[in-house]
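A quick write-up on the structure given underneath.
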Amino acid sequence: MDPSQWIDVVEDKFKYKLDHFMIPGHYSEDVESILIPHGLIMDRIAKLAQIITSEYDNERVVVCCVLKGGHQFFSDLVNYMKKALNKQGKTLPMTLDFVRVKSYENDKSSGQVHISMTDRELQELKGKNLLLVEDIIDTGKTMQKLLETLSKYELKSVKVASLLVKKTPLSCGYIPDYVGFAVPDLFVVGYCLDYNDIFRDLDHICAISDVGKSKYAV
């Protein structure tokens with residue numbers, strides 16, 4: 001996917017007031033603004049599913065959710081992919097899998113990447129087509145580490161779909177194969193993106209406030 005196909009979220013233009021949409025009352029002071037409303041997220045995911053599916057043939061694809069933040073995007077993307085058509089104009093055979101990758105504490109990357117899959121589980125991916133589904137690419141270092149690990153196991157293909165890519169000067173330069181939105185260099189939460197496991201129950205993607213950071217810091 002060419003970056004020109006991404007939706008570029010510019011903070012001044014994509015900055016909806018909290019009273020424009022439904023926000024859980026317990027988060028009224030914890031988020032600063034809404035960047036991407038839920039309806040726009042869903043429409044974009046439907047389009048991504050169409051693009052992704054159309055680039056595969058009839059071979060089965062292992063669609064792997066990067067937990068925890070990616071699970072809502074993963075669930076919605078797979079549901080749309082079930083209805084989309086592949087290169088041959090047919091529905092795409094899929095197998096679902098999950099991997100847990102952790103690199104954050106508070107709003108900073110810890111610099112350490114922990115991957116949950118065992119060596120035996122990774123060996124079972126040999127010769128398969130893998131689509132990794134991630135919530136956000138921040139610096140890109142976490143995904144680079146995961147891809148570096150996977151490269152040792154002789155997969156037929158590995159592609160990455162990320163709902164968000166953060167426009168940050170700290171980026172290592174990694175670009176996923178499929179992207180929903182490019183977002184400003186803010187810490188974003190909602191639609192299962194979390195801050196220390198909080199905000200997963202927020203439908204919209206929002207910028208966290210200083211109050212929220214302080215309240216839920218560990």
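All values reported here derive from a predicted model rather than from experimental measurement. Below, all heavy atoms of this structure are taken into account, side chains as well, without hydrogens, waters or symmetry copies.
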Show the atom names and distances, to 0.1 Å, of all donor-acceptor pairs under 3.5 Å that link a side chain in residues 180-188 to residues at least two apart or in another chain.
none

>> For V9, is there any backbone N or O sitting under 3.5 Å from a side-chain donor or acceptor partner on K167?
In response: yes
>> With side chain to side chain donor-acceptor pair (under 3.5 Å) as the rule and sequence neighbours excluded, what pairs involving residues 54-64 come up?
In response: E55-Y178, N58-N86, E59-N129, E59-K156
> Where is the tightest heavy-atom contact between S162 and F73, given as atom of each residue plus distance?
Replying inline: C-CE2, 3.8 Å
> More than 12 foreign heavy atoms under 6.0 Å from NZ of K47: is that the case here?
Replying inline: no
>> The criterion is ring-ring contact (aromatic ring centres under 6.0 Å, His included); which residues satisfy it with Y174, sequence neighbours excluded?
In response: none
>> Strictly distance-based, threshold 3.5 Å: is any side-chain N or O of S75 a donor or acceptor partner for the main-chain N or O of Q72?
In response: no
>> Holding to side-chain hydrogen bond (donor to acceptor under 3.5 Å, both in side chains), I want the full list of residues that pass it with R100, two or more places apart in sequence or in another chain.
In response: none
>> Closer than 3.5 angstrom, by distance alone: can the side chain of S151 be matched with the main-chain N or O of E148 as a donor-acceptor pair?
In response: yes
> Counting N and O atoms only, with roles assigned by atom type, does the side chain of T149 sit under 3.5 Å from a partner on the main chain of K145, one being a donor and the other an acceptor?
Replying inline: yes
> Going by the salt bridge (charged side-chain N to carboxylate O under 4.0 Å, His left out) test, which pairs reach into residues 78-97, not counting sequence neighbours?
Replying inline: none
> With L164, which of D138, L193, I41, I137 fulfils side chain to side chain contact (heavy atoms under 4.5 Å, CB included)?
Replying inline: L193
> Who are the ring-ring contact (aromatic ring centres under 6.0 Å, His included) partners of F199, not counting sequence neighbours?
Replying inline: Y27, Y216
> Is there a path from L96 to L92 through hydrophobic residues (I, L, V, M, F, W, Y) whose side chains come within less than 4.5 Å of each other?
Replying inline: yes
> With the 4.5 Å side-chain cut-off for hydrophobic clustering, are V165 and I51 part of the same group?
Replying inline: yes
> Okay, side chain of H204, backbone of I36: is any donor-acceptor separation there less than 3.5 Å?
Replying inline: no
> Can you tell which of D177, V63, V160 makes a side chain to side chain contact (heavy atoms under 4.5 Å, CB included) with L132?
Replying inline: V160
>> If you count every heavy atom of other residues, nucleotides or ligands that lies below 6.0 Å from E121 atom CD, does the total exceed 12?
In response: yes
> In this structure, are over 12 heavy atoms from other groups packed under 6.0 Å from M22 atom CE?
Replying inline: no
